[in-house]
2 protein chains.
Amino acid sequence: MQLKYSRQREAIKEFLCTRKDHPTADVVYRNVSEQYPNISLGTVYRNLTLLADLGEIQRLHMGDGQDHFDADTSNHYHFVCNQCGKVIDLDMDSIEQINDIAGMNFRGKIAGHVTYFYGTCEDCTQEKS
Amino acid sequence: MQLKYSRQREAIKEFLCTRKDHPTADVVYRNVSEQYPNISLGTVYRNLTLLADLGEIQRLHMGDGQDHFDADTSNHYHFVCNQCGKVIDLDMDSIEQINDIAGMNFRGKIAGHVTYFYGTCEDCTQEKS
DNA sequence: CTGCATGCAAATCTTTTGCATAAGA
DNA sequence: TCTTATGCAAAAGATTTGCATGCAG
C-alpha cells in the first residue's frame, strides 16, 4: 500500500507540533476543525493511528480513558499530575540508563519503553499551601 | 462511606494473587464465575476499581484496549511483548534510581510511576529463528 | 433495621470500520 | 484513470451506572 499526501493529515501533524502538552484525539479534532470545518473525527483517528505507526508521533495511554498524542518522539519521560491531570515532559539525557537496568534481568529484545510518573505538580502543590 | 465485607471482592482479590501475569477484568470475571456463577461483570469492575483505589492492587493501562490488574503493588517494571502480548514483571532492586533521575529535573511531588518496556520476549524471539 | 454490595441491563464513551464519494499521483 | 483518503454514520468494545433486591453489621 502506497501513502498519499493529504492536507488533513498535514494539518493534524502540524497542530501536534505546536503543542507541548499531549492532546487527545478530540482536542486535535476540535482544533483542526477550525481550519477544515468538514473534517471528521474518524479521519482524525485514522491519521493519528497512521502517524503513530509511522513513528512520526507517539501515542500515550495514560489511563484517563482517552489516548493522548505527542509529536515529540524522542525518548523522554512523562509526568502526570494527579490533581489537575496535566502532563509534563521530563527532559533527561540518561535514558540509556533505564535500558541498562532492564537489560540486567530480562532476556529478550527491548524495542522501546514508556514511563509515566504520577504525583502532584508544582502548581498544585503551591495551591494547597 | 463505610466498607463492608463481600465474598465476591474477596474472591477477586484472591484470584489476582494467584496470578503472576496481569489479567484483564474479563479474565477475572470468567475465572471468579466458576466459584460464583452469578457474579456480574459490573461487580467485578466495581471491585477492581475499589481495590485499586484502596491501593491493594494496581491498575495497568497498557494500551491494548483493556486495563490489566496486578496484585503485586510493589514498584516494578512491566515488559509487554509486541508479538504475543504477554506481560512480564521485571524484578529490579534499583527502583530508587529512577526516582532520582526524575528528581533531577522535576520540581513537584512524585508519588509513583509506571514503566512499560515494549519489545519481543524470549519465546517469540526463538520462534522466529 | 440500615446501608453498602450485588446482579442485571441500559447507558456512556472512545475508537474503529464500511461504504460511497472526493482527491492525490 | 487508478488508488488512497475522506466524511458520515453505524458498529464495536470496554467500562460505568441506575435501580431493585440481597446480605453484612
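Below, chains carry the letters A, B, ... as their sequence lines are ordered, and counting in each starts from 1.
With contacts defined as side-chain heavy-atom distances shorter than 4.5 Å, the pair A/Leu51/A/Lys13 qualifies. Here the side chains of B/Leu48 and B/Arg59 are not in contact, with every heavy-atom distance at 4.5 Å or above.
Put simply, B/Thr49 has a side-chain N or O that comes within less than 4.0 Å of OP1 or OP2 on D/dT16.
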For this session: Begin from the C-alpha positions of B/Tyr29 and B/Ile39 and carry the test side chain to side chain contact (heavy atoms under 4.5 Å, CB included) through to its verdict.
Result: CA-CA 8 Å; B/Tyr29 170 64; B/Ile39 198 173; 4.1 Å; yes
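The interatomic distance linking A/Leu48 (CG) with C/dT17 (P) rounds to 15 Å, in whole Å. The nearest whole Å value for the distance from the CE atom in A/Met62 to the P atom in C/dT14 is 13 Å. Between the NE2 atom of B/His61 and the P atom of D/dA14 there is a distance of 16 Å, given to the nearest Å. Distance A/Asp53 CG to C/dT15 C1': 14 Å, rounded to the nearest Å. As a whole-Å value, the separation of A/Asp64 CG from C/dT15 C1' is 14 Å. The interatomic distance linking B/Tyr45 (OH) with C/dA5 (C1') rounds to 19 Å, in whole Å. As rounded to whole Å, 14 Å separates atom P of C/dT14 from atom CG of B/Asp67. A/Gln2 places its CD atom 9 Å from the P atom of C/dA25, with the value rounded to the nearest Å.
Considering only the side chain of A/Gln8, D/dT6 comes nearest among C/dT15, D/dT6, D/dA24.
Counting any heavy atom pair closer than 4.0 Å across all strands shown, A/Asn47 reaches sugar-phosphate atoms only and no base atom. Residue B/Tyr5 is classed as a sugar-phosphate contact, given heavy-atom separations below 4.0 Å to backbone atoms only. When heavy atoms are screened at a 4.0 angstrom cut-off, A/Asp26 is found touching no nucleic acid atom at all.
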Give me the distances for all protein-to-nucleotides 8-10 of chain D N/O pairs that come in under 3.5 Å?
unit_1 : atom_1 : unit_2  : atom_2 : d
D/dC8  : OP2    : A/Asn38 : O      : 3.4

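Hydrophobic clustering, with ILVMFWY side chains joined whenever heavy atoms are under 4.5 angstrom apart, keeps A/Leu50 apart from A/Phe15. Note on A/Val32: it clusters hydrophobically with A/Val27, by side-chain heavy-atom contacts below 4.5 Å among ILVMFWY residues.
The backbone N or O of B/Tyr36 lies less than 3.5 Å from no partner atom in the side chain of B/Ser33, so there is not a single donor-acceptor pair. A donor-acceptor pair is defined here as one N or O able to donate and one able to accept, closer than 3.5 Å; no such pair exists between the side chain of A/His22 and the backbone of A/His68.
Position along DNA chain C of the nearest nucleotide to A/Ser6 versus A/Gln66 favours A/Gln66 as the more 5'-ward residue.
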